[in-house]
Structures are given as structure tokens and as C-alpha cells.
There are 4 protein chains.
Amino acid sequence: MEQLIAEGVITDPGSARGRLLAAAARLFKQQGYERTTVRDLAAEIGIQSGSLFHHYRSKEDILRAVMEETIQLNTALMRIALQQAQDPRGKVLALIRCELQSILGETGEAMSVLVYEWRSLKPDSQQHILKLRDIYEQLWLDALAEARAAGMVAIEPFILRRFLTGALSWTTNWYKPDGDMTLDELAEYALTLAIKQ
Amino acid sequence: MEQLIAEGVITDPGSARGRLLAAAARLFKQQGYERTTVRDLAAEIGIQSGSLFHHYRSKEDILRAVMEETIQLNTALMRIALQQAQDPRGKVLALIRCELQSILGETGEAMSVLVYEWRSLKPDSQQHILKLRDIYEQLWLDALAEARAAGMVAIEPFILRRFLTGALSWTTNWYKPDGDMTLDELAEYALTLAIKQ
Amino acid sequence: MEQLIAEGVITDPGSARGRLLAAAARLFKQQGYERTTVRDLAAEIGIQSGSLFHHYRSKEDILRAVMEETIQLNTALMRIALQQAQDPRGKVLALIRCELQSILGETGEAMSVLVYEWRSLKPDSQQHILKLRDIYEQLWLDALAEARAAGMVAIEPFILRRFLTGALSWTTNWYKPDGDMTLDELAEYALTLAIKQ
Amino acid sequence: MEQLIAEGVITDPGSARGRLLAAAARLFKQQGYERTTVRDLAAEIGIQSGSLFHHYRSKEDILRAVMEETIQLNTALMRIALQQAQDPRGKVLALIRCELQSILGETGEAMSVLVYEWRSLKPDSQQHILKLRDIYEQLWLDALAEARAAGMVAIEPFILRRFLTGALSWTTNWYKPDGDMTLDELAEYALTLAIKQ
DNA sequence: GATGAATGAGGTTTCATTCAT
DNA sequence: GATGAATGAAACCTCATTCAT
């Protein structure tokens with residue numbers, strides 16, 4: 001993590017900007033982007049609303065930064081996870097587990113925002129994020145293609161990935177981390193959707 | 001359909017209220033509830049914004065009506081589809097196809113609204129819709145339990161349903177009805193997620 | 001005047017929009033456009049600030065309307081004055097008197113705004129007003145050219161008009177209508193700048 | 001010029017304060033005082049906005065300094081020009097040429113500011129500048145009275161000066177220094193307004 | 001002298017809702 | 001039922017100014 005901060009991939013969560021982004025992710029998820037006022041955001045990190053605009057030029061800019069950091073971070077984390085996986089099954093499981101961690105763990109709020117607040121981005125911000133998202137998605141498509149070549153996947157990677165995107169992102173609405181099921185178990189269950197046993 | 005209208009399950013789409021609900025669903029999906037103004041809604045059906053309030057007491061009331069009608073209609077449609085299915089596999093396939101039709105067909109906009117605008121409902125409206133949703137969900141759980149009893153499903157119905165909810169609702173973001181894949185093919189693919197062949 | 005209102009050249013000063021334009025001209029002159037808040041404007045005509053935006057889409061729109069109405073009205077008044085003048089000297093005097101009345105009379109505030117707040121208009125509004133201004137200016141150039149042809153003017157109409165524009169518009173800063181000098185006397189003095197005796 | 005700097009009449013244009021005043025004059029003319037932010041000013045001379053306040057106590061103070069320096073400088077320049085003129089006609093021409101140089105030359109921006117931003121000064125600053133302005137204006141009135149005594153001027157000096165003030169200051173809006181007409185020619189034309197040939 | 005984060009009052013504008021006609 | 005002017009609270013954002021470093 002320190003390395004990712006040093007590389008500029010993500011903002012130091014201890015800095016003013018970092019705390020702002022974390023608060024924004026939390027509030028945007030809880031209340032929605034539109035219903036979250038800049039005063040809410042400022043109050044959450046203990047500054048005045050006008051002071052926000054020293055860090056970001058507009059409210060939309062904050063949304064964009066939340067999304068961008070999230071996708072950058074998760075792409076980096078997925079790359080690391082993939083390096084440690086051995087076989088196709090392991091790779092797909094690694095991706096599932098990684099994405100679930102993104103969705104259900106510390107960055108979960110930001111991931112939700114990425115899904116639910118897309119329409120609130122201006123078109124050019126959307127373009128920018130889409131490019132980053134393509135890189136992320138390519139990691140998935142490569143791993144699924146490998147599994148398919150090994151005869152482990154019944155349907156086209158392209159379609160399967162889309163089903164998985166929906167299934168995994170939806171977990172944010174029902175999975176309770178402190179319930180009976182561990183996140184690893186959840187990942188194994190999800191794997192059964194994708195891969196024939 | 002006429003029967004459902006006659007029974008009061010849904011509003012006549014030709015009536016002023018019906019056209020308003022359809023417009024609201026469309027605009028709420030496109031722009032989001034918060035970004036859609038009552039002026040937008042009024043303009044869409046050719047009246048002045050003040051006149052909206054002769055039909056609904058508030059903007060939130062319109063959102064609630066969109067959601068309620070959608071869930072009522074789809075529950076009714078699912079009941080009909082279930083009656084025509086024979087075996088467990090057929091029932092699950094019928095539910096998948098039915099839900100996909102809801103999501104991707106004429107009522108798709110309203111279904112999206114149901115998912116994306118949940119937070120914009122007041123708590124008591126949420127309670128009301130949740131009850132209707134429980135009825136709908138029970139139809140799913142019953143069918144999946146039957147398939148599980150027949151040894152066709154690897155994981156618990158409760159969990160599987162949640163995965164399917166996400167996977168199917170997400171199709172609204174990528175499936176193109178006028179592309180290569182028919183909706184029936186899409187349903188078959190989705191079935192492979194749920195049921196062992 | 002009633003006819004100009006009926007023709008749509010200017011807004012009825014009794015209507016809400018008309019009273020708003022008059023108040024805007026007065027305040028914009030007194031305090032400047034930037035220092036005049038929409039709350040000031042609204043208070044001046046006894047409505048709430050939000051209600052302004054039923055009449056005009058933005059503050060800049062109000063400025064533009066003030067300018068446009070002023071120039072339209074004064075062009076119309078100058079046409080009428082010209083019709084009643086006989087010879088070149090009479091025409092130039094008519095124009096001078098007419099412009100002084102615009103500057104120092106009831107529409108004086110709006111004329112000042114036209115001069116002093118030009119930079120506050122957006123470029124496309126400027127374009128729009130410039131076209132109207134060209135029509136107005138042509139009336140002047142024609143009359144001065146006639147006087148020049150009659151040997152009454154020492155310098156080019158183009159240059160003379162510009163000198164006069166400045167000299168006449170500046171009167172707003174010093175001439176007191178209730179002082180010793182009548183407006184007609186002032187006009188005669190100004191005529192001595194332009195025309196050899 | 002060096003002498004005027006040494007005497008403290010104007011600020012050294014090479015100093016930080018001097019560059020700030022020049023930048024302020026330029027920006028205030030281009031955009032208006034209200035629309036020019038202290039950030040604009042600071043950026044123009046390459047410092048941070050907070051640092052401005054080491055040089056001037058407030059933004060209004062900068063405006064006041066621009067105006068004061070301009071009027072002091074131009075009063076001094078007019079005195080010098082007058083000394084070199086022989087007869088009444090020469091004196092009036094010298095004043096016209098001098099004022100045109102102020103308006104159209106290097107200090108033109110500041111002269112514009114003096115005219116257009118008057119309302120943005122606080123009343124006590126206005127008082128202060130008015131006193132300086134009176135000294136400047138007296139030079140004009142004396143010269144015109146002399147010409148009048150010589151039978152060269154048709155109307156009262158007081159009125160004529162006001163007409164000239166407007167006519168000359170307006171040149172900033174139309175005269176192009178790099179066009180066909182030289183500044184000396186322009187001054188001669190202006191003289192025809194004032195003095196019988 | 002300079003910095004730049006922070007302030008906080010105040011700016012324009014939006015918008016759901018009301019109500020006399 | 002419909003209109004549309006008006007409301008008024010609240011939204012985002014700006015900006016001159018301060019001050020610890």
C-alpha cells in the first residue's frame with residue numbers, strides 16, 4: 001500500500017485529500033451522490049464547505065477522483081493476486097476473491113459508487129474512467145479465456161464476465177461480513193457459477 | 001394485460017396517470033430520480049409542472065408508484081409463467097426468462113429504477129415496497145428449493161437467488177435486444193449459472 | 001409608447017417583467033452590474049430572489065434585456081424625431097436632442113448600463129446587441145454625411161460621430177436636469193461641437 | 001520619468017508593487033474590477049494570492065493606488081506639456097494631446113479604470129481621488145478660460161471641458177494606434193471641436 | 001516576504017410545491 | 001383538471017482575507 005501511495009496510484013488516506021475521498025465514498029454510497037451535499041462532505045472531515053474547493057474544483061471532480069482511485073487501486077491489487085495464482089481455476093478464483101474484497105472490504109463504498117453513480121459523471125469524465133475500466137476488464141477476460149481453453153467454462157468469456165460482474169457487485173446488497181459465511185466461502189460459491197466442477 | 005388493468009394491479013398506460021408513470025420510469029432510468037425535475041416529467045407528457053400535483057401528491061409519490069406497479073405487474077407475470085412450466089428446470093428457466101423480460105423489455109426502465117433509486121424512497125415507502133418484494137422473491141425461492149431437492153442445484157437457494165438477482169439485473173447495462181443473441185438464448189446461458197447440466 | 005408596447009418593441013412597464021427591467025437599469029447604473037445581487041433586484045420589485053428566474057433565465061439575461069430594449073426603443077424614437085426634422089442641421093440637432101433625452105431622461109439609467117456594463121455580457125449576447133447598435137448608428141452616420149455634403153461639418157462623419165458619442169454619453173456624469181441649463185440648451189451647445197456656424 | 005519615481009509621485013514599474021499596479025490596471029480594464037480576482041492579479045505577476053496582502057491591505061487599496069498614481073502622473077505630465085506651449089491654442093492642443101496620450105498610451109488602461117471603476121471605490125477613497133482630480137481639472141479650466149478670453153471658444157469653459165472629457169475618454173473604445181490616423185492627427189481633429197478656426 | 005490551506009459570508013441558480021385564477 | 005407565477009429553502013460555488021509555517 002505504501003508503495004502504491006508513493007507511486008501516486010492512490011492518495012495517502014491520511015492526507016486531507018485522502019480523508020475527503022474516503023468520506024465521499026462513504027457518503028455517496030449511503031445517500032447517493034445527488035443527495036450528498038458539499039456541506040455534508042465538508043462536515044464529515046471537519047472543514048468548511050468552501051474549503052473543499054481547494055482540493056477539488058467541483059463536486060463532480062470529487063466523484064471522478066473516487067472512481068478513478070478505486071479502479072486504479074483494484075487493478076493494481078488484481079495484478080498482484082494474479083501473479084500468485086497457478087492454474088486457470090486458481091486465477092479465476094483469485095479474481096473473484098479480489099473483486100469481492102474490493103466490493104465488500106474497505107474500498108467497497110467506492111466500488112458501489114462506481115456502479116451506482118455512473119450517470120452523475122459528465123461524459124468526458126466517463127470516457128476517462130472507461131479507459132481505465134477497459135484495462136481492468138482485460139485482466140478478467142484473459143483469465144476466463146484461459147479457463148475456457150482448458151474446457152472449464154461452458155459459455156463465452158465475454159458473457160460470463162458480465163454475469164459475474166452483476167452477481168458479484170450485487171453482493172454488496174446482501175452479504176454480511178460478520179455473518180456465517182466467510183468471504184472465501186462466498187468466493188467459492190461464486191466460482192461454482194463460473195466453472196464446471 | 002387488460003385483466004390486470006381491470007383488477008387495478010396496474011394503471012391503464014393510456015390514461016394520464018399511466019403515461020406519467022411510463023415517462024417517469026424512462027426519465028428516472030436515464031437521468032436518475034434526483035436529476036429528473038418535475039418540470040421534465042410534466043414536459044414529457046405535455047402538461048405544466050403544477051398540474052402534476054393533481055395526480056400525485058409529491059415527486060416521491062411518483063417514484064413509489066413506479067416501483068409498486070412494476071413489482072405488482074412482474075409478480076403477476078411470474079405467476080402466469082410458472083403455471084405453464086412443467087418440471088423444476090422448466091420453472092427456473094421460466095423465472096429467468098420472465099425476469100429478463102421485465103428487465104430488458106417494456107418495463108425495463110421501471111425495473112432499473114427499482115434497483116437504482118431505492119435510496120431515494122422514504123423509509124415507510126421502502127417498507128411498503130419491501131413487503132411486495134418478499135412475495136415476489138418467495139416465488140423464486142420456492143422454485144429453486146424444488147430444483148435443489150431434485151439435485152440440480154449446487155448451492156443454497158438463498159445464495160443462488162442473490163447471485164442471480166445481480167447477474168440478471170446487470171444485463172440492462174450490456175445486453176442489446178437487437179444484437180446477435182436472442183433473449184431466450186440469454187436466458188439459457190443464465191440457466192447454466194444456476195443448474196448443473 | 002403604447003404602440004411600441006403593442007408592437008413588442010418594448011415590454012409594458014406596468015408588467016412584472018417591465019418593472020423588473022426598470023429596476024435592473026436603475027440598480028445596474030447605481031451600483032454596477034456585478035455589485036447588484038439578484039436579491040437586490042428581487043427586493044426592488046417586491047418578490048423573492050428565486051422568482052426572478054421565472055422571468056429571465058439568468059442575471060446576465062436581464063442585463064441583455066435591459067440593453068436590447070433600450071436600443072430598440074431609442075432607435076424607434078430617433079426614427080420618429082428624424083421624420084420631423086427639415087434640413088441637415090435640424091436632423092443633427094434632432095439626433096443630439098434625442099440621444100440626450102435617452103441619456104438624461106427616463107431611459108438614462110439603461111443607456112448608462114449599455115455603456116458601462118458591456119464587458120459583463122457574454123460574447124454571443126454582445127454580438128446580438130452589436131447588430132442592433134449598427135442599425136442605430138447608421139441613422140447617425142447618414143445624417144452627418146448629409147451635413148458634411150452640405151459643407152457644415154469639418155471632419156469625417158465617422159470620426160465626428162465617435163467624438164459625439166463620448167461627449168453626449170458623458171453628460172450623464174455632470175448634467176443636472178434641474179439646474180440652470182435646459183436640455184434643449186445643452187443640445188444646442190453640443191451642436192456647436194459638430195457643426196460650423 | 002526617473003525623476004517622478006525619485007520624487008515618489010509614481011511607483012517604480014520595475015518593483016514588485018509597480019508590476020502589480022500595471023497588471024491591475026490591465027486586468028481591471030479588460031475584465032472590470034469586480035470580475036478580476038486577487039488570484040488573477042497574483043498569477044499575473046507570479047506570486048500566490050495570499051502574498052498580495054503584503055503589498056496592499058485590500059483589493060480596493062490596489063484599485064485606489066492605480067487611480068491615484070494615474071492621476072498624479074498625468075497631472076505632472078500635463079504641467080510639463082503646458083510649459084512648452086506658447087499661445088492659448090497651443091495650450092489647449094497640448095492638453096488634448098497629453099490627455100489622449102494618457103488614454104491611448106501606456107497608462108491608458110489605468111485611465112479607463114479611473115472612468116469605469118469609480119463606483120467600486122469606497123466613499124472616502126473617492127473623496128481622496130476627487131481632490132487630486134480637481135487639481136488636474138483646474139489646469140484644463142485655466143487653459144480654456146484663456147482661449148475663451150481670446151475669443152476662440154464659443155461656449156463656457158466649464159461645459160466645453162465636460163464635452164471634451166467625454167469625447168476624449170471615449171476614444172479608448174474606437175481609436176486604433178496602429179491604424180491610419182496618428183495620435184497627433186486625432187488631437188487636431190479633437191481641437192476642431194473646441195476651437196473656432 | 002512568501003506560501004497555501006482554510007475561512008465564512010455571500011453569490012447565482014435550482015426546484016418541489018402551493019394557490020389564485 | 002389545468003395553469004403558471006410565486007415561494008423559499010437549499011444547492012453548488014466563489015473569493016477576499018487570514019495566518020501558521
Side-chain angles (χ1 to χ4, degrees), chain A residues 15-17 20 33-43 45-63 120, chain B residues 15-17 20 33-43 45-63 120, chain C residues 15-17 20 33-43 45-63 120, chain D residues 15-17 20 33-43 45-63 120:
Chain A
S15 70
R17 287 170 76 104
L20 173 53
Y33 170 78
E34 298 286 350
R35 296 170 91 87
T36 303
T37 70
V38 293
R39 276 186 170 75
D40 290 341
L41 286 174
I45 60 169
I47 61 174
Q48 297 291 328
S49 68
S51 308
L52 276 189
F53 296 88
H54 269 280
H55 300 291
Y56 291 95
R57 271 201 310 271
S58 67
K59 187 184 166 191
E60 202 254 3
D61 229 42
I62 297 173
L63 177 60
S120 294
Chain B
S15 71
R17 287 169 76 103
L20 173 53
Y33 170 78
E34 296 286 350
R35 295 170 92 87
T36 302
T37 69
V38 292
R39 276 188 166 73
D40 290 341
L41 288 174
I45 59 168
I47 61 173
Q48 294 295 93
S49 67
S51 309
L52 275 189
F53 295 85
H54 288 286
H55 299 291
Y56 289 95
R57 272 201 312 272
S58 70
K59 186 184 169 191
E60 202 253 3
D61 233 40
I62 297 173
L63 176 61
S120 295
Chain C
S15 70
R17 288 169 75 103
L20 173 53
Y33 170 78
E34 298 285 350
R35 295 170 92 87
T36 303
T37 70
V38 293
R39 285 197 234 284
D40 290 341
L41 286 174
I45 60 168
I47 59 173
Q48 297 291 328
S49 68
S51 309
L52 276 189
F53 295 87
H54 269 279
H55 300 291
Y56 291 96
R57 273 200 309 270
S58 67
K59 187 183 168 192
E60 202 254 3
D61 229 42
I62 297 173
L63 177 60
S120 295
Chain D
S15 71
R17 285 170 76 104
L20 173 54
Y33 171 76
E34 297 286 350
R35 297 169 91 87
T36 302
T37 69
V38 292
R39 277 189 164 73
D40 290 341
L41 288 174
I45 60 168
I47 61 173
Q48 294 296 92
S49 66
S51 309
L52 274 190
F53 295 86
H54 287 286
H55 298 291
Y56 289 95
R57 272 201 314 272
S58 69
K59 185 184 167 191
E60 202 254 3
D61 232 42
I62 297 173
L63 177 62
S120 296

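Lettering follows sequence order; numbering is per chain, from 1. Here the structure is a predicted model, which is why all the values come from computation and not from measurement.
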(message) Rounded to whole Å, how long is the line connecting atom CG of D/L20 with atom P of E/dA2?
(response) 11 Å
(request) Ignoring backbone atoms, test whether B/H55 places a side-chain nitrogen or oxygen under 4.0 Å from the OP1 or OP2 oxygen of F/dA2. (result) yes
(request) Nearest whole angstrom, please: distance from the P of F/dT17 to the CG of D/D61. (result) 9 Å
(message) Just the rounded figure in Å: distance from C1' of E/dG8 to CZ of A/F53.
(response) 13 Å
(message) From C-beta outward on A/T37, which listed nucleotide comes closest to its side chain: F/dG1, F/dC12, E/dT7?
(response) F/dC12
(request) Using atom CG of D/L52 as one end and atom C1' of E/dG4 as the other, report the distance to the nearest whole Å. (result) 13 Å
Determine all donor-acceptor pairs shorter than 3.5 Å in which one atom belongs to a side chain in residues 33-43 of chain A; sequence neighbours excluded.
unit_1, atom_1, unit_2, atom_2, d
A/Y33, OH, A/E60, N, 3.1
A/E34, OE2, B/R35, NH1, 2.2
A/R35, NH1, B/E34, OE2, 2.2
A/T36, OG1, A/L27, O, 3.3
A/T36, OG1, A/Q31, OE1, 3.3
A/T36, OG1, A/G32, O, 2.7
A/T37, OG1, A/R39, N, 3.3
A/T37, OG1, A/D40, N, 2.9
A/T37, OG1, A/D40, OD1, 3.4
A/T37, OG1, A/D40, OD2, 3.4
A/D40, OD2, A/T37, N, 3.1

(request) Check the distance between F/dT18's C1' and D/R57's CZ and give it to me in whole angstrom. (result) 15 Å
(request) Find the distance between CD1 (B/I45) and CZ (B/R17) and round it off to the nearest 0.5 Å. (result) 11.0 Å
(request) Find the distance B/R39:CZ to E/dT18:P and express it as a whole number of Å. (result) 14 Å
(message) What is the distance, to the nearest angstrom, from the CD atom on D/E34 to the P atom on E/dT12?
(response) 11 Å
(request) Provide, to the nearest angstrom, the distance between the NZ atom belonging to D/K59 and the C1' atom belonging to F/dT18. (result) 17 Å
(request) Just name whichever nucleotide pairs with E/dG10, Watson-Crick or G-U, keeping both distances under 3.5 Å, else none. (result) F/dC13
(message) I want to confirm an ordering. Mapping A/Y33 and B/G46 to their closest nucleotides on DNA chain F, which one lands closer to the 5' end?
(response) B/G46
(message) Which nucleotide, if any, forms a Watson-Crick or G-U wobble pair with F/dG4, using both distances under 3.5 Å?
(response) E/dC19
(request) For the side chain of D/V38, starting at C-beta, report the closest nucleotide among F/dT3, F/dA16, E/dG1. (result) F/dA16
(request) Classify the nucleic acid contact of C/S51 as base, sugar-phosphate or nothing, counting any heavy atom under 4.0 Å across all strands shown. (result) base
(message) Using 0.5 Å steps for rounding, measure from the CG atom of D/L20 to the CD1 atom of D/I47.
(response) 6.5 Å
(message) Here's a test of your reading of the structure: between B/Q48 and D/S58, which maps to the more 5' nucleotide of DNA chain F?
(response) B/Q48
(message) Quick check on DNA chain E: between B/R35 and D/G50, whose nearest nucleotide comes earlier from the 5' end?
(response) D/G50
(request) Nearest 0.5 Å please: distance from the NE2 atom of A/H55 over to the CG atom of A/D61. (result) 13.0 Å
(request) Name the nucleic acid region contacted by D/T36, choosing base, sugar-phosphate or nothing; use a 4.0 angstrom heavy-atom cut-off, strictly under. (result) sugar-phosphate
